[in-house]
Protein chains: 2
Amino acid sequence: MRTDAALPQRPATASSRLLEDVGRPRKNTIEHLERPGSVRINVQGAFIVDEDGASPPRAGSPARYGQDTKDIRLPHHKAEVSHMAVDIGGSLAKLVYFSRDPNGEGGKLNFKNFETERIDDLIDYMDRLVHGERDKSSRTQPLYVMATGGGAYKYFDRIQEKLGVQIYREDEMECLIVGLDFFLTEIPEEVFTYTEEDPMHFTDARTDIYPYLLVNIGSGVSMVKVSGPQKFERVGGSSLGGGTLWGLLSLLTPAKTFDEMLGMAEKGDNTNVDMLVGDIYGGGYEKIGLKATTIASSFGKVFKKQTEAWHQPESSLENGTSSTEVDKASQFAPEDISRSLLYMVSNNIGQIAYLLAEQHGLEHVYFGGSFIRGHHQTMHTLSFGMRYWSKGTKKAYFLRHEGYLGAVGAFLRHQPRNWGRRNSFGESTAVPWNRSGAIGGTVGV
Amino acid sequence: MRTDAALPQRPATASSRLLEDVGRPRKNTIEHLERPGSVRINVQGAFIVDEDGASPPRAGSPARYGQDTKDIRLPHHKAEVSHMAVDIGGSLAKLVYFSRDPNGEGGKLNFKNFETERIDDLIDYMDRLVHGERDKSSRTQPLYVMATGGGAYKYFDRIQEKLGVQIYREDEMECLIVGLDFFLTEIPEEVFTYTEEDPMHFTDARTDIYPYLLVNIGSGVSMVKVSGPQKFERVGGSSLGGGTLWGLLSLLTPAKTFDEMLGMAEKGDNTNVDMLVGDIYGGGYEKIGLKATTIASSFGKVFKKQTEAWHQPESSLENGTSSTEVDKASQFAPEDISRSLLYMVSNNIGQIAYLLAEQHGLEHVYFGGSFIRGHHQTMHTLSFGMRYWSKGTKKAYFLRHEGYLGAVGAFLRHQPRNWGRRNSFGESTAVPWNRSGAIGGTVGV
């Protein structure tokens, strides 16, 4: 692992106060501490921007995949903000920055994501924020960049060279937790549970949020037990995550974007590729609690059907293509494949999350990361799994800014230590991490 | 679920003796009870037949995938056996039958499998056993068929119609456990642990085998906690099993048989398709125990590479095929895909097995079912995962007749109740089953 010794380090803040109770409504404080750009973000009256960009959202209107994550209006924030934050993951890079309202009344937090593959688009965008027109007239301090995620290491030089500004790196897991704690406690109508009848049931802000399990689904999956502010441990994970779903779908379907893939999954019928309990037993196997409709084997019908096709006479060769190509192209609808894979990955994550929540005695399970994208089938599967396996004792919670936990956490780390969620961050000494739970298990490579 | 009311029921045996200590060497007993065909199988001196068909195997010579499962010689068994047993699963049907030694000295248990898709091959084979020449001269009773697995229901009429013999159906889970208990306690050099240095380290027969976790990997995966003879509960499972691996590989590679697929996996390099921790962080993330070589996301590199290819200029169109076809055909080696999928499925099963073993306090985890096929990478991944996650407290055990637990169990159910493993079966009253743990979680179909 690289050493950070030669890199700019965040100076310790002077204040050692912790746990200051910053309950709402809070004072519209503007405070510059010793660190350039540090500022208290005023979250009084903060709300998630609805379509018209000005009013709080209609309750119950679900976010749809394919939409950009909504910005958060901060109507009472007046101080200059001299930093932006970026979380560069394996597949997506997420950017959070503040912009003033053109009318001078507060401003908003902007959320934007880029494919990590096109990192230069992100850097160009950041470059325009740093050197462009935004707030140039009023800015008294240079803009800084807070960076987290694996790409904060991988692309550090490239970003710094292009932007020519100071970049502060923050630990990814710490940022995730700080960001989640912020959303859980400070942003109304952010956290919700899903049922078919009420697909976005907002939960009340909790004051006593610990302990909980964070299931962060990006390219892979990390599962983190959080038992207090900055007290957390990666207890498990899985290599079957978003990268698996998008990767397999990009090979097996003509879809080229996540949202095309999710759109196909909505139309598909997984029972054309999955082997159900009923396909094996001719009915349920109630004695052990297996209903006929339970998926016994994901993709379990495919090999059989392929074998049948291979054993067919050569009639499929008539049109000049090989039988294999024909079979693969025609036998399974990409919609069915998409739905099957979506169920497979979501079910599996839900099951491992349940088992870890059970092992560690956690009732609240929050799903973060860029995987869910407001997609109903995904949330349905995760919610259903959690209820089913736990016999109703555990619940799946979702976030409207699910993909931005790390970026927001990094954004907030560039703050006076006693700002924000009462006790969700501050001490920069990390708790020792337990090694249990490498993603997907190390393999013999 | 179908009712069995109209089907032939196995009569209760007269003997109510249980737990009779039948320690080796045991008497060469020949005993006919009230049920036609019932017989004590004499396992004295039983051994697994090596290549030359006569001698016990060389210690340490690993089974190779692609080989048929070795038969078990019963040199001292002399009685007539009037039944065979079949376990018809979602993908494979497994047949077990006894044949006399042509020289008159004992006989052997034969193991044979068929693709369930080609069920008629199985039925033809059974037909030859029932009506063919085998032992015809000496048989005094008609041959019976014991059947278990989902296909015992699905194909019941078809088998009975063709063979015209009595078919007794047995509960699948009960058979699995009876079969496993038999192998654990009665057959030398059957159970082994795997390490690279010692790929088939036989374990001593245990007298006190309970409790343990059976992980049965067929098309899907069932995980069964066994706490005593006939005291068991399906505590979990996964829809990601053999069917998933073979199904996806049949779509993504040119291989047409399981063994071709496993052969490709041996040659592949999964790091061409999997995203490793090092690909994200540029190194390890030791703080949370993730090495650079840990798989962060199975297939996590594929979407990126596909996207790159899609964004290429149209040069790939020169040869007249669409760029999508070219990319999909050429960009990823089928060997790499095979290895990635094998790791993905095996890692995932190992992790869930570990979590369930942990939850239920079980140290011994036995892997059965037709998935492993003696394949070293598969056993390596499962063994490694079990050691890694449990920090060495739990062990993965494998069986040379892994695919035949259910079939052997069904074979043995057709026995006087007090035969065989002291207390592994007998009472036909099943313990109530807990509903927890449907395969892969029921989904909203």
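Just so we're on the same page: letters track the sequence lines, and every chain starts at 1.
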Study note, to complete from the structure: With chain B, the option among A:G89, A:G242, A:G243 that has the most non-hydrogen atom pairs under 4.5 Å is A:G243

Review point. Checking heavy atoms, do the side chain of A:M344, its backbone, both or neither come under 4.5 Å from chain B?
Key: both

Point to revise | CG-OG distance between A:L245 and B:S297, expressed to the nearest 0.5 angstrom | key: 10.0 Å

Check your understanding: Of all residues at least two apart in sequence or in a different chain, which pass the side-chain hydrogen bond (donor to acceptor under 3.5 Å, both in side chains) check with B:T148?
Key -> none

Practice item. Would you please test B:L251 and A:L251 for side-chain contact (heavy atoms from CB on, under 4.5 Å) and show each step? Key: CA-CA 9 Å; B:L251 289 177; A:L251 289 176; over 6 Å; no

Revision key, fill the gap. Closest heavy-atom pair, A:W246 versus B:F303, reported as atoms and distance to 0.1 Å, is O-CD1, 3.8 Å

Review point. Are the side chains of B:L252 and A:L252 in touch, meaning some heavy atoms are under 4.5 Å apart?
Key: yes

Exercise for review: Just do the side-chain contact (heavy atoms from CB on, under 4.5 Å) check on A:Y285 and B:D171 with the steps written out, would you?
Suggested key: CA-CA 10 Å; A:Y285 191 174; B:D171 179 77; 2.9 Å; yes

Exercise for review: Find the one option among A:S219, A:S298, A:A152, A:G247 whose heavy-atom pairs under 4.5 Å with chain B are most numerous.
Suggested key: A:S298

Practice item. Would you mind telling me which of A:Q377, A:R118, A:E358 has the largest number of heavy-atom pairs within less than 4.5 Å of chain B? Key: A:R118

Check your understanding: Should B:L355 and A:L356 count as side-chain neighbours, where that means a heavy-atom distance under 4.5 Å?
Key -> yes

Practice item. With a 4.5 angstrom heavy-atom cut-off, could you sort out which part of A:E172 is near chain B: side chain, backbone, both or neither? Key: both

Practice item. Can you measure from CD (B:Q351) to CG (A:L240) and round to the nearest 0.5 angstrom? Key: 9.0 Å

Review point. Only one of B:N348, B:I295, B:I352, B:N347 forms a side chain to side chain contact (heavy atoms under 4.5 Å, CB included) with A:S238, so which one is it?
Key: B:N348

Revision key, fill the gap. Here the pair of heavy atoms bringing A:M275 nearest to B:S91 is CE-OG, 4.4 Å

Point to revise | Residue, of B:D274, B:L248, B:T257, that accumulates the most heavy atom pairs under 4.5 Å with chain A | key: B:L248

Review point. Okay, side chain of B:K154, backbone of A:D279: is any donor-acceptor separation there less than 3.5 Å?
Key: yes

**Study point:** side-chain hydrogen bond (donor to acceptor under 3.5 Å, both in side chains) partners for A:T244, two or more places apart
**Key:** none

Point to revise | chain A contact via B:M386 - side chain, backbone, both or neither, heavy atoms under 4.5 Å | key: neither

Study note, to complete from the structure: Most heavy-atom pairs under 4.5 Å with chain A, out of B:V273, B:T116, B:I280, belong to B:I280

